[in-house]
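To start, the structure itself, in structure tokens.
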Amino acid sequence: MTSYKELGLVNTKDMFAKAIKGGYAIPAYNFNNMEQLQAIIQACVETKSPVILQVSAGARKYANKNLLKNMARGAVEYAHELGYDIPVVLHLDHGSSFELCKDCIESGFSSVMIDGSALPYDENVALTKQVCDFAHSQKDYVTVEGELGVLAGVEDDVVAESSHYTKPEEVQDFVSKTGVDSLAISIGTSHGRCKFTPEQCTRNADGVLIPPPLAFDVLEEIEKKLPGFPIVLHGSSSVPVEYVKIIEQYGGKIPDSVGIPEEQLRKAAKSAVCKINIDSDGRLAMTAAVRKVLAENPGEFDPRKYLGPARDELKKMYMHKNIEVLGSAGKA
Ligand code: G3H
Ligand code: 13P
Ligand code: ZN
């Protein structure tokens, strides 16, 4: 049993309270390897931003749970070495069972998500409450994110073919029955690089897909029902056209890619949305950089020569998010 405080981590309580008050959102960046973690920490230290390091079940399988725990500890020390201590949360992304959440809590996570959003309402309530009861009774309080409403999208361990918005009339009941510390909602975002079908979009003069707006009316209704309560947005990558173009220019095929426009995320970050999840943009940034280096340097076979530039590109992208989109820069 390792408590997150031994690793130098914090839970989300304080972070979210400040973010709601201050009208910004905390970045929640997924990682599963060293270069992603270095880029996240470098970017967040340089922009003086608090950060949530997110690990999915797939990432845990890929990277090994002991390595991940020690990488998180190393991340805290790395920030210190870089000259500025930022608050760091280690969070389980899309926990699918009580057992997985318990295992993460016992191995040093300071926050977990229990994702019962695909279950019937009563079962989601029961499962989320079970996780909250366990997490909150730890010596060091572990925070819990629940979810109501379904996001579309397909990831390794996160699969839903169609989405439905969160019902504002359910949120008060859900929060009071479960005791969750934050609530992920569905207002039109989705996982992965294709957030909308081409039929749901229009195209601009360059043929670029323009997505429909998020359901800000649903978000407003939810905020009215839960004043001051931390809201979370998943599936919030912007899928930058520049990365899609580089990937396709150097041999990749990722048709119909479309994300959430940055100005919509900026608007959301000013509301009760205080955690914004970004994974796909990191995948795109890394892939674009790696493809470019390898295509332009066919003789290159030292991984540092392509993972290094990928890390630099990631760092640039995360700094941009913190400063220009989420507003978290300068808040640590
Ligand atoms: O929301 C899901 C995240 O993007 C994690 O994806 O399960 O492929 O690691 P993953
Ligand atoms: P994206 O696929 O839009 O990056 O969303 C990531 C996410 O929600 C992780 O939980
Ligand atoms: Zn998600």
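Counting starts at 1 for both ligands and their atoms, following the listed order. We number each residue from 1, following the sequence as shown.
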Can you sort out which atoms of ligand 1 are near His94, meaning under 4.0 Å from one of its heavy atoms? 1 (O), 2 (C)
Hey, could you give me the CD/CE distance between Gln36 and Met34, rounded to the nearest 0.5 Å? 11.0 Å
Contact atoms of ligand 1, heavy-atom distance to Asp279 under 4.0 Å: 3 (C), 4 (O), 5 (C), 6 (O)
Verify whether the ring centers belonging to Tyr4 and Phe109 lie closer than 6.0 Å. no
Quick one: which ligand 2 atoms are inside 4.0 Å of a heavy atom on Lys195? 1 (P), 2 (O), 3 (O)
When you look for heavy atoms under 4.0 Å from ligand 2, do you find them on the side chain of Ser56, its backbone, both, or neither? neither
With the threshold set at under 4.0 angstrom, would you say Gly58 reaches ligand 1 through any of its heavy atoms? no
Please confirm whether His191 comes within less than 3.5 Å of ligand 1 when only nitrogen or oxygen atoms on both sides are compared. yes
Ligand-residue contact atoms, ligand 2 with Asn30, heavy atoms, under 4.0 Å: 9 (C)
For His234, take its heavy atoms, then give the atoms of ligand 2 lying under 4.0 Å from any of them. 8 (O), 10 (O)
Does one side chain, of Asn322 or Thr47, offer a donor that lies under 3.5 Å from an acceptor on the other? yes
Quick check on contacts: which atoms of ligand 2 are under 4.0 angstrom from a heavy atom of His191? 2 (O), 5 (O), 6 (C), 7 (C), 8 (O), 10 (O)
Which N, O or S atom of His234 lies nearest to the Zn ion (ligand 3), by name: ND1
So the atoms of ligand 2 within less than 4.0 Å of a heavy atom of Ile278 turn out to be 4 (O)
Please tabulate, for side-chain N and O atoms in residues 232-239, each donor-acceptor pair with protein atoms closer than 3.5 Å (sequence neighbours left out).
from: His234; atom 1: ND1; to: His94; atom 2: NE2; distance (Å): 3.0
from: His234; atom 1: ND1; to: Asn277; atom 2: ND2; distance (Å): 3.0
from: His234; atom 1: NE2; to: Glu145; atom 2: OE2; distance (Å): 2.7
from: His234; atom 1: NE2; to: Asn277; atom 2: ND2; distance (Å): 3.3
from: Ser236; atom 1: OG; to: Leu233; atom 2: O; distance (Å): 3.4
from: Ser236; atom 1: OG; to: His234; atom 2: O; distance (Å): 3.1
from: Ser237; atom 1: OG; to: Ser280; atom 2: N; distance (Å): 3.3
from: Ser237; atom 1: OG; to: Asp281; atom 2: N; distance (Å): 2.9
from: Ser237; atom 1: OG; to: Asp281; atom 2: OD1; distance (Å): 3.4
from: Ser238; atom 1: OG; to: Ile260; atom 2: O; distance (Å): 3.1

With heavy-atom distances below 4.0 Å as the criterion, list the atoms of ligand 1 near Asp93. 1 (O), 2 (C), 3 (C)
Geometric N/O contact Asp93 with ligand 2, under 3.5 angstrom: yes
In the structure I gave you, are the side-chain heavy atoms of Phe174 and Leu183 within less than 4.5 Å of one another anywhere? yes
Taking 4.0 angstrom as the limit and counting only heavy atoms of His94, give me the atoms of ligand 2 inside it, by number and element. 10 (O)
Polar contact flag for Arg283 and ligand 1 (N/O pairs, less than 3.5 Å): yes
Under a 4.0 Å threshold between the charged nitrogen and the carboxylate oxygen, would Lys102 count as salt-bridged to Glu99? no
In this structure, are over 12 heavy atoms from other groups packed under 6.0 Å from Tyr121 atom OH? yes
Between Ser117 (side chain) and Leu148 (backbone), is there a donor-acceptor pair under 3.5 Å? no
As an exercise, identify every atom of ligand 1 less than 4.0 angstrom from a heavy atom of Asn30. 3 (C), 5 (C)
Apply side-chain hydrogen bond (donor to acceptor under 3.5 Å, both in side chains) to the pair Ser328 and Ser49, showing each step before the final yes or no. CA-CA 5 Å; Ser328 64; Ser49 169; 2.8 Å; yes
For a quick test of your reading: what N or O donor-acceptor pairs under 3.5 Å do the side chains of residues 75-84 make, sequence neighbours left out?
from: Tyr78; atom 1: OH; to: Gln42; atom 2: NE2; distance (Å): 2.8
from: His80; atom 1: ND1; to: Asp85; atom 2: OD1; distance (Å): 2.8
from: His80; atom 1: ND1; to: Asp85; atom 2: OD2; distance (Å): 3.1
from: Tyr84; atom 1: OH; to: Ala332; atom 2: O; distance (Å): 2.8

